[in-house]
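Structure first, then comments.
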Amino acid sequence: MGYDSGHMARRDALRRLVSDFGEFSRLLYPKKAVRSYQMEAAGPILRAIAAGHGGSFATIFSRQSGKDELLAQMEAYLLLRYKLRGGSLVVGAPTFRPQCVVSRRRLMGRLDTALHRGAGATEGYRIALGAASVAFMSTDAKANARGETADIALVANEAQDITLEVWDPRFAPMAASTNAPMLVSGTPWMAGSLLSRERAICRERGTLFEADWQRVAEEVPAYGAHVRDKIAKLGANHPFVKTEYCLVEMGSEGGLFPAARQAQMRGDHE
């Protein structure tokens with residue numbers, strides 16, 4: 001009787017973990033538990049995955065504020081949740097080395113728990129737990145990225161460096177037969193990228209989740225001090241500050257050499 005009650009208690013605790021991402025993060029990764037701005041994005045995305053509703057989502061956080069950590073924890077959560085029923089996440093990044101390799105290494109670090117026992121790398125680009133897996137693939141135009149199926153979700157990481165010419169014909173079809181949700185994640189730079197397009201689409205649909213440096217600083221004061229120091233050194237209008245920390249996309253009028261500066265550079269000199 002004692003064994004049965006203990007077994008049922010453990011089963012109930014596991015059920016709570018795989019149904020509550022916030023609790024999953026706090027219990028398994030107490031030093032890296034998701035912050036409120038991360039949870040604001042994770043909740044709707046995970047609910048769409050669970051319901052099989054499809055759709056697109058965008059998470060745009062300032063540089064070094066936990067975007068990749070959130071992705072790794074969500075991947076670890078979904079591997080556990082789909083361990084028995086099966087399914088695949090496909091994660092695209094601009095390069096296999098270093099970006100896919102770094103993301104894969106981060107995920108393996110989050111799988112170092114008793115609940116993820118048996119997880120491991122396979123085929124050189126995939127991490128599996130039971131019948132579930134995460135495939136990391138390069139979106140470089142020269143990479144051979146075709147044939148995968150995104151049963152659970154399709155993710156574009158560092159999407160500001162992913163071109164539409166590669167994503168639309170090679171990666172978007174991976175979610176077509178399953179209607180799996182698509183998540184694009186990154187930090188703005190120039191117009192014309194996958195992130196730029198999906199940011200506009202998700203803003204209209206109410207599925208855009210942003211956290212600029214000031215939002216992050218509300219929860220991480222040390223981060224705010226770091227960014228204020230950067231602004232003091234570079235200036236508030238520096239392209240790096242505007243894009244990486246203020247989430248302002250640079251158009252033709254806001255690049256490193258805008259029209260006024262180019263006019264000053266013109267002349268008879270060589």
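Only a predicted model underlies this, so the values are computations on that prediction, with no experimental measurement involved.
Residues Ile45 and Pro181 form no side-chain contact, since every pair of their non-hydrogen atoms from C-beta on lies 4.5 Å or further apart. Thr113 is listed as a side-chain neighbour of Tyr29, based on a closest heavy-atom distance under 4.5 Å. At a threshold of 4.5 Å between non-hydrogen side-chain atoms, the residues Val90 and Val155 do not count as touching. With a 4.5 Å cut-off on side-chain heavy atoms, Phe21 and Arg47 do not count as touching. Side chains of Arg228 and Trp213 form a contact here, defined as non-hydrogen atoms less than 4.5 Å apart. Side chains of Glu198 and Met182 form a contact here, defined as non-hydrogen atoms less than 4.5 Å apart. Side chains of Leu71 and Asn157 form a contact here, defined as non-hydrogen atoms less than 4.5 Å apart.
Under a hydrophobic-cluster definition in which Ile, Leu, Val, Met, Phe, Trp and Tyr are linked whenever side-chain heavy atoms come within less than 4.5 Å, directly or via other members, Val34 and Phe209 are assigned to the same cluster. The hydrophobic clustering, which links ILVMFWY residues whose side-chain heavy atoms are closer than 4.5 Å, places Leu79 and Leu70 together. Hydrophobic clustering (ILVMFWY, side-chain heavy atoms < 4.5 Å, transitive): Val134 and Ile49 are in one cluster. Note: the hydrophobic cluster containing Leu89 does not contain Val101 (ILVMFWY, side chain heavy atoms under 4.5 Å, direct or indirect links). Under the 4.5 Å side-chain heavy-atom criterion for grouping Ile, Leu, Val, Met, Phe, Trp and Tyr, Trp167 is connected to Leu208 within one hydrophobic cluster.
In this structure, Glu210 does not pair ionically with Arg215, as no charged nitrogen and carboxylate oxygen lie closer than 4.0 Å. Arg110 has a carboxylate O that lies under 4.0 Å from a charged side-chain N of Glu69, or vice versa, which qualifies the two as a salt bridge. A salt bridge links Lys67 and Glu158; the closest N-O separation between the charged side-chain nitrogens and carboxylate oxygens is under 4.0 Å. In summary, Asp168 and Arg197 engage in a salt bridge, as defined by a charged side-chain N under 4.0 Å from a carboxylate O. The residues Arg126 and Glu148 are annotated as salt-bridged, a charged nitrogen and a carboxylate oxygen being separated by less than 4.0 angstrom.
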| said: With side-chain contact (heavy atoms from CB on, under 4.5 Å) as the criterion, how do Val102 and Arg105 come out once you've worked through the C-alpha distance, each side chain's angles and the decisive distance to 0.1 Å? | reply: CA-CA 5 Å; Val102 170; Arg105 186 188 308 135; 4.1 Å; yes

| message | One pair to check against side-chain contact (heavy atoms from CB on, under 4.5 Å): Arg203 and Arg199. What are the steps and the verdict? | response | CA-CA 6 Å; Arg203 181 181 286 114; Arg199 184 186 202 183; 3.6 Å; yes

| said: The test is side-chain contact (heavy atoms from CB on, under 4.5 Å); show your working for Ser62 and Glu244 and say whether it passes. | reply: CA-CA 6 Å; Ser62 62; Glu244 303 285 290; over 6 Å; no

| message | Assess the residue pair Met137 and Val91 against the criterion (side-chain contact (heavy atoms from CB on, under 4.5 Å)); give the C-alpha distance rounded to whole Å, side-chain angles, the decisive distance to 0.1 Å, and a yes or no. | response | CA-CA 6 Å; Met137 308 185 74; Val91 180; over 6 Å; no

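Between Leu164 and Pro169, the shortest heavy-atom contact is O-CD, 3.7 Å. Taking all atoms of both residues into account, the shortest heavy-atom contact from Ala180 to Ala150 is CB-O, 3.2 Å. Nearest approach of Val216 to Ser65, heavy atoms of both residues: CG2-CB, 3.6 Å. Nearest heavy-atom pair, Gln73 versus Phe24, reported as atom, atom and distance to 0.1 Å: O-CE2, 3.7 Å. Tyr223 and Arg63 get closest at one heavy-atom pair: OH-O, 2.5 Å. Minimum interatomic distance between Ser56 and Arg205 (heavy atoms only, all atoms of both residues): OG-NH1, 3.2 Å.
Distance check: Ser25 OG to Lys32 NZ gives 10.5 Å after rounding to the nearest 0.5 Å. Atom CG of Leu46 is separated from atom OG of Ser19 by 11.5 Å, given to the nearest 0.5 angstrom. In this structure, CG in Leu80 is found 4.5 Å from NE2 in His116, a value given to the nearest 0.5 Å. Glu165 CD to Leu194 CG: the interatomic distance, rounded to the nearest 0.5 Å, is 10.5 Å. From Ile60, atom CD1 reaches atom CD of Glu249 across 8.5 Å, with rounding to the nearest 0.5 Å. From Leu107, atom CG reaches atom CG of Asp112 across 11.5 Å, with rounding to the nearest 0.5 Å.
No donor-acceptor pair closer than 3.5 Å links the side chain of Ser88 to the backbone N or O of Asp151. Under a 3.5 Å cut-off, the side chain of Arg170 and the backbone N or O of Ala141 do form a donor-acceptor pair. Side-chain atoms of Arg104 come within 3.5 Å of backbone N or O of Gly124 as a donor-acceptor pair.
In this structure, Arg85 forms a cation-pi arrangement with Tyr82, its terminal cationic atom sitting closer than 6.0 Å to the ring centre and no more than 45° off the ring axis.
For Glu204, the CD atom counts as loosely surrounded, since its 6.0 Å shell holds 12 or fewer non-hydrogen atoms of other residues, nucleotides or ligands.
Between Phe136 and Phe96, the distance from one ring center to the other does not fall under 6.0 angstrom.
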Cut-off 3.5 Å, no hydrogens considered: what does the side-chain donor-acceptor table look like for residues 184-191, sequence neighbours left out?
| unit_1 | atom_1 | unit_2 | atom_2 | d |
| --- | --- | --- | --- | --- |
| Ser185 | OG | Thr59 | OG1 | 3.0 |
| Thr187 | OG1 | Phe61 | O | 3.1 |

